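Structure first, commentary second.
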Amino acid sequence: MALLEAHPETDFEFHAVWVDVLDSDSPAAAASAALFLDDPRVRHFHDRERRFGRLLAPRVGMPAARDLLDDWQSSVDEQDRVFTRDFLTGPATAYDWIAFFGPDARWTSEPELPAPTAAVVQMAPDTWRGIDPARFFWGPGMAAELRRLADLHVAR
Amino acid sequence: MKAAASLVTAALALCACRTGAPAPEAHPSEPAPQAAPAATSELLPDASRAALGGRVEFVFDARATVQLQIENRLARISGRVELVALEGRLLGARVDAAIDLPAPAPATRVELHLRDGRWLALDHAARSFCVSEDPAALAGPARYAAALLPADLVDPSRWIPAGATARAGETTEFGGLDCASLEWTAQAARGEWLIGPDGLPRLRVSTVETPGREAEVRRLVVQRWERRAFTPRAVVPPSGWTELAPVPRAAVPGPRTPIEVRSLADSVEPLRLAFEAGAGKPRVIGTFAPS
């Protein structure tokens with residue numbers, strides 16, 4: 001990914017958390033997806049129960065899907081062809097976010113996840129109302145933003 | 001290649017590897033289009049029993065998720081996907097080739113070709129090919145032994161330029177293993193093909209016309225690829241490739257070592273401890289849907 005490629009020699013850590021939100025997500029899918037971030041600085045985790053996704057959501061302002069169904073003019077029954085039912089009906093769960101934490105950030109107990117110094121999301125702005133619009137990036141724009149943030153927060 | 005292998009001789013199929021370039025108009029974070037009740041459970045992981053009829057459309061989104069619409073029924077298949085359709089009917093769907101490695105076939109010979117650091121493996125017997133910068137990937141999860149290779153699939157000189165590039169947004173790349181396979185019944189199919197910068201073809205749109213039926217298969221293509229027409233011909237390595245002596249498939253390096261993925265099913269503690277262990281360094285946490 002752009003972030004790792006932009007700083008191939010930089011000593012930082014990347015934690016890839018594969019969060020089950022889509023109906024097809026699974027441990028096998030996570031193992032397969034991990035192959036696409038094959039870098040010694042990357043550690044992979046599979047978040048089947050969306051535990052970390054729920055911890056991160058309030059830190060980045062991720063809304064709950066259940067609160068957006070009206071916006072989508074849709075229903076749980078309809079959306080569960082795409083998302084897991086628990087994701088649709090449960091608390092806000094962050095996915096497709098990339099969050100940066102400084103060297104001094106500490107995470108001393110499970111609920112005390114520190115606030116990231118920067119975070120961006122690869123989602124459709126029109127769909128996920130409530131997220132800071134400045135955090136949405138996509139495609140080449142996301143790659144450029146990640147490189148910019150990496151220069152600010154990763155390169156030392 | 002268990003289910004597909006018995007079907008491919010008369011079928012059109014293709015595999016969709018994970019994309020590298022997203023198609024914004026079909027984002028996984030967007031709500032699904034409204035549709036009639038889905039047949040997902042019938043299609044996964046093996047839909048050969050589903051035998052659904054009618055027009056089949058594949059719509060690829062940013063994560064190579066496939067939305068499969070069959071007679072207004074919408075299903076979604078994610079990950080590595082191989083679909084087999086015959087006479088407009090979806091016969092098989094297989095997800096995540098990584099869990100279904102083709103069995104080694106020592107008697108089969110694979111030709112290896114090397115150009116600019118990229119390896120091409122041609123398996124004439126299986127009519128398959130695979131391209132990778134990593135020779136280990138040639139025998140890895142992304143290798144599809146039962147793929148049928150169109151007769152002139154790897155000879156760009158036989159392809160006729162036929163127009164401009166694909167539309168913006170219709171972009172993808174074959175996934176992290178950079179490997180592709182196509183299954184194709186040449187005499188029954190008419191398609192629109194594109195040649196990639198690696199000299200290999202990609203199927204964009206193909207149709208198989210049979211009485212009363214039409215199966216249309218769409219796949220996304222890299223924008224800069226050149227569109228060419230397809231004409232049958234014998235299998236010939238792409239010009240410019242340095243041909244090496246054919247080698248047994250067993251001599252091709254094995255698949256990559258799986259990457260450890262730690263479960264957070266019980267607690268986020270493994271992640272927290274890893275985060276804390278990295279104190280003093282910048283840390284980045286990315287959250288992604290795995291499929």
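The chains referred to below are lettered A, B, ... by the order of the sequence lines, with proteins before strands, and numbering in each begins at 1. Quick caveat, the model's predicted, so the values are computed rather than measured.
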Greatest number of heavy atom pairs closer than 4.5 Å to chain A - which of B/Ala274, B/Ala279, B/Ala277: B/Ala274
Part of A/Arg43 within contact of chain B (heavy atom distance under 4.5 Å): side chain
Whether A/Asp47 side chain and A/Phe52 backbone form a donor-acceptor pair below 3.5 Å: yes
Contacting moiety of A/Pro111, where chain B heavy atoms sit under 4.5 Å: neither
Which portion of A/Thr117 sits near chain B, non-hydrogen atoms under 4.5 angstrom: neither
Engaged part of A/Leu55 at the chain B interface, taking heavy atoms whose separation is under 4.5 Å: side chain
Option in A/Asp71, A/Val120, A/Thr108, A/Leu69 with maximal non-hydrogen atom pairs under 4.5 Å from chain B: A/Thr108
Atom pair OG1 (B/Thr287) and CD (A/Gln122), whose distance is rounded to the nearest 0.5 Å: 11.0 Å
Pairing residues for A/Arg50 by the salt bridge (Lys or Arg N to Asp or Glu O under 4.0 Å) criterion, not counting sequence neighbours: A/Asp86
B/Phe275 six-ring face occupied by B/Arg283 cation (under 6.0 Å, within 45°): yes
Top contributor to chain B contacts, counting heavy-atom pairs under 4.5 Å, from A/His15, A/Arg41, A/Met142: A/His15
Portion of A/Leu56 that has a non-hydrogen atom of chain B nearer than 4.5 angstrom: side chain
By salt bridge (Lys or Arg N to Asp or Glu O under 4.0 Å) - contacts of B/Arg272 (at least two apart): B/Glu269
Step-by-step side-chain contact (heavy atoms from CB on, under 4.5 Å) determination, B/Val284 to A/Phe101: CA-CA 6 Å; B/Val284 180; A/Phe101 299 84; over 6 Å; no
Interface moiety of A/Arg51 toward chain B, non-hydrogen atoms closer than 4.5 Å: both
Selection from A/Ser109, A/Ala65, A/Pro27, A/Ala31 maximising heavy-atom pairs under 4.5 Å formed with chain B: A/Ser109
Beyond-backbone contact of A/Pro63 with A/Leu68, side-chain heavy atoms, under 4.5 angstrom: yes
